[in-house]
J.: 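The structure that follows is given in the form of structure tokens.
Note: hydrogens, waters and symmetry copies are ignored here, and every other heavy atom, side chains too, is used. Fair warning: this is a prediction, and the values are worked out from it, not measured in the lab. In the text below, chain A, chain B and the rest are named by the order of the sequence lines, each starting its count at 1.
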There are 2 protein chains.
Amino acid sequence: MNIGDASERSGVSAKMIRYYEEIGLIKAARRANGYRDYDANDVTVLQFIRRTRDLGFSLEEVSNLLALWRDRKRPSREVKKLASQHIQDLERRMREMRAVVRTLKTLADHCHGDERSDCPILDDFASARPKRKTAKKHAHA
Amino acid sequence: MNIGDASERSGVSAKMIRYYEEIGLIKAARRANGYRDYDANDVTVLQFIRRTRDLGFSLEEVSNLLALWRDRKRPSREVKKLASQHIQDLERRMREMRAVVRTLKTLADHCHGDERSDCPILDDFASARPKRKTAKKHAHA
DNA sequence: CTAATCCTTCCCATAATGGGAAGGTCAAGC
DNA sequence: GCTTGACCTTCCCATTATGGGAAGGATTAG
């Protein structure tokens, strides 16, 4: 089938299918006219990618998961390990976000939020932070 | 002071200070030799940016907050609104992440995680999702 | 035969940051 | 004065994952 069909059945845009091929995540057969040609198995792979992406795995992680999936002899321990690491990562990011939410809520609670102009939120934003251990690369949430 | 000093005092890298200037977030005086020149107020602005970035605001949001900060007559309501929207956004993302974590934990719980190769995690990843409200564009072709 | 859809590749843009090169400037030491 | 090293400048490239769109070839429906 053509890329348009594969896209519709997998839920992955044609644009992304070509990109995944470009970075070596998948391969595609070509027909005489240069068109990419996909079969049912290819669609399954694309659905695999779609699903794992939806679950927040990076393409690099997806690549690892795909490799494990293709290697039918690998111990399930390896798969579980990747999943667990991802869970840990998500939980860490959630903790960081929760801390930020707490801070913002506290600030917002002390802001009148009316016509008056004085605002402790901005006051806080502009105040110097005690830069304790500078080496912490802030988490990109 | 030079950009290196401003960077050290604000915790914003020189690279980023130049970038913020490039996108119009800040301005910088220049000395005769072409070097950027910062004063205490500039450092405060940079700290403001640093703080809001640490709290997860995008540069566009930071730009809005900066504008509110510079306009001393604006009602605190506007500031509180931006903060509240950001809180909502964070909470929404946390909910989504929690749902993913729940899914992954369920999958991981059913995976032996030992030498055996059968693994329900990968099985799930490879199974087609029922694309319910996927508003598929008229499959007319 | 023609027009509408496909498909192809190639370039650009996004958000925020870092790396590094090539070259100008300044301050300290001898 | 001259050298050296630490600064500064601009410019280009890379990152992650995705989409937009152009130019042009292929196919298909009418």
Side-chain angles (χ1 to χ4, degrees), chain A residues 1-38 42 46 48-66 86 89 93 96 134-141, chain B residues 1-38 42 46 48-66 86 89 93 96 100 137-141:
Chain A
M1 73 186 79
N2 281 344
I3 197 171
D5 255 357
S7 168
E8 207 171 313
R9 296 188 200 193
S10 64
V12 179
S13 74
K15 211 80 170 169
M16 279 302 100
I17 295 177
R18 295 194 193 96
Y19 175 65
Y20 294 156
E21 182 183 347
E22 186 188 325
I23 64 175
L25 203 56
I26 56 177
K27 275 161 293 189
R30 295 291 183 128
R31 288 206 301 265
N33 60 11
Y35 284 19
R36 291 174 179 78
D37 192 10
Y38 301 92
D42 294 326
L46 288 172
F48 182 104
I49 296 175
R50 172 84 200 285
R51 173 81 172 130
T52 50
R53 288 290 300 132
D54 282 352
L55 288 176
F57 289 91
S58 69
L59 283 183
E60 190 177 352
E61 290 168 323
V62 171
S63 177
N64 294 330
L65 290 169
L66 262 181
H86 189 52
D89 187 43
R93 281 152 63 189
E96 292 173 353
T134 317
K136 78 177 300 184
K137 58 169 69 173
H138 56 293
H140 40 55
Chain B
M1 73 185 80
N2 281 344
I3 197 171
D5 254 358
S7 169
E8 205 170 316
R9 295 188 201 193
S10 64
V12 179
S13 74
K15 212 79 171 172
M16 279 303 100
I17 295 177
R18 294 192 194 96
Y19 175 66
Y20 294 157
E21 181 182 347
E22 187 187 325
I23 64 175
L25 202 57
I26 55 177
K27 277 160 294 188
R30 295 291 184 128
R31 289 205 300 265
N33 60 13
Y35 285 19
R36 290 172 179 79
D37 193 9
Y38 302 92
D42 295 325
L46 288 171
F48 182 104
I49 296 174
R50 172 82 200 284
R51 173 82 173 129
T52 49
R53 289 290 300 133
D54 282 352
L55 288 176
F57 288 92
S58 70
L59 282 183
E60 190 176 353
E61 291 169 322
V62 171
S63 178
N64 294 331
L65 289 169
L66 262 179
H86 189 53
D89 187 44
R93 282 153 61 190
E96 292 172 354
V100 169
K137 52 177 128 176
H138 358 312
H140 186 46

J.: Side-chain N or O of R30(A) versus OP1/OP2 of dT9(C): is the shortest distance under 4.0 Å?
T.: yes

J.: Run the side chain to side chain contact (heavy atoms under 4.5 Å, CB included) test on L46(B) and I17(B) for me, step by step, so that the C-alpha distance in whole Å, both residues' side-chain angles and the decisive distance to 0.1 Å come before the verdict.
T.: CA-CA 8 Å; L46(B) 288 171; I17(B) 295 177; 3.7 Å; yes

J.: Report, one pair per line, the protein and nucleotides 26-30 of chain D atoms (nitrogen or oxygen only) whose separation is under 3.5 Å.
T.:
unit_1  : atom_1 : unit_2 : atom_2 : d
dA26(D) : O4'    : Y35(A) : OH     : 3.3
dT27(D) : OP1    : N33(A) : ND2    : 2.9

J.: What distance separates D54(B) CG from R50(B) CZ, expressed to the nearest 0.5 Å?
T.: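 It is 4.5 Å, given to the nearest 0.5 Å.
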
J.: Where the side chain of N33(B) meets the backbone of Y35(B), is there a donor-acceptor pair that is under 3.5 Å apart?
T.: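 Checking the backbone N and O of Y35(B) against the side chain of N33(B), a donor-acceptor pair under 3.5 Å is found.
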
J.: Please check if the number of heavy atoms outside E60(B) that lie under 6.0 Å from its CD is greater than 12.
T.: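 Not buried by this count: 12 neighbours or fewer within 6.0 Å.
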
J.: Atom CG of D5(B) to atom P of dA27(C): distance rounded to whole Å?
T.: 13 Å

J.: For the side chain of H86(B) and the backbone of E61(B), is there at least one donor-acceptor N/O pair under 3.5 Å apart?
T.: no

J.: May I have the distance from K15(B) (atom NZ) to dG18(C) (atom P), rounded to whole angstrom?
T.: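 It works out to 9 Å between those atoms.
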
J.: With rounding to the nearest 0.5 angstrom, report the CZ to CZ distance, R36(B) to R30(B).
T.: 4.0 Å

J.: With a 4.0 Å cutoff (strictly under), does any side-chain N or O of Y19(A) reach OP1 or OP2 of dT16(D)?
T.: no

J.: Starting at atom CD1 of I17(A), determine the distance to atom P of dT18(D), rounded to an integer number of angstrom.
T.: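 Going from CD1 in I17(A) over to P in dT18(D) covers 12 Å.
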
J.: With each end axis built from five pairs of C1' atoms, what bend angle do you get for the helix from dC1(C)-dG30(D) to dC30(C)-dG1(D)? Round to 10°.
T.: 20°

J.: Flag the pair L66(A) / F48(A) as yes when at least one side-chain heavy-atom distance between them is below 4.5 Å, and no otherwise.
T.: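 L66(A) vs F48(A): side chains touch.
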
J.: Counting only side-chain nitrogens and oxygens, does S58(A) get under 4.0 Å of the OP1 or OP2 atom of dT16(D)?
T.: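 Checking dT16(D) against S58(A), no side-chain N or O comes under 4.0 Å of OP1 or OP2.
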
J.: Out of dG18(C), dC8(D), dC7(C), which nucleotide sits closest to the side chain of I3(A)?
T.: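 Between dG18(C), dC8(D), dC7(C), the one nearest the side chain of I3(A) would be dC7(C).
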
J.: Rounding to a whole Å, what distance do you find between F57(A):CZ and dA17(D):C1'?
T.: 17 Å

J.: Rounded to the nearest angstrom, tell me the gap between atom CZ in R18(A) and atom C1' in dT9(C).
T.: 9 Å

J.: Send over the distance from I49(B) CD1 to dA16(C) P, rounded to a whole Å.
T.: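 Interatomic distance, CD1 of I49(B) to P of dA16(C): 12 Å.
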
J.: Check whether any side-chain N or O of R53(A) sits under 4.0 Å from OP1 or OP2 of dT18(D), and answer yes or no.
T.: yes

J.: So how far is it from L59(B) CG to M16(B) CE, rounded to the nearest 0.5 Å?
T.: 8.5 Å

J.: Reckon S13(B) has a side-chain N or O less than 4.0 Å from the OP1 or OP2 of dT17(C)?
T.: no

J.: What is the distance, to the nearest angstrom, from the CD1 atom on I23(A) to the P atom on dA14(D)?
T.: 16 Å

J.: Closest approach to the side chain of L59(B), judged atom by atom: which nucleotide of dC7(C), dG20(C), dA16(C) is it?
T.: dA16(C)

J.: Take atom CD of E96(B) as the centre, draw a 6.0 Å sphere, and report whether it contains more than 12 heavy atoms from other residues, nucleotides or ligands.
T.: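 Counting other residues, nucleotides and ligands, CD of E96(B) exceeds 12 neighbours.
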
J.: Do Y20(A) and V12(A) make a side-chain contact, defined as non-hydrogen atoms from C-beta onward lying under 4.5 Å apart?
T.: yes

J.: Send over the distance from N2(B) CG to dT25(C) C1', rounded to a whole Å.
T.: 10 Å

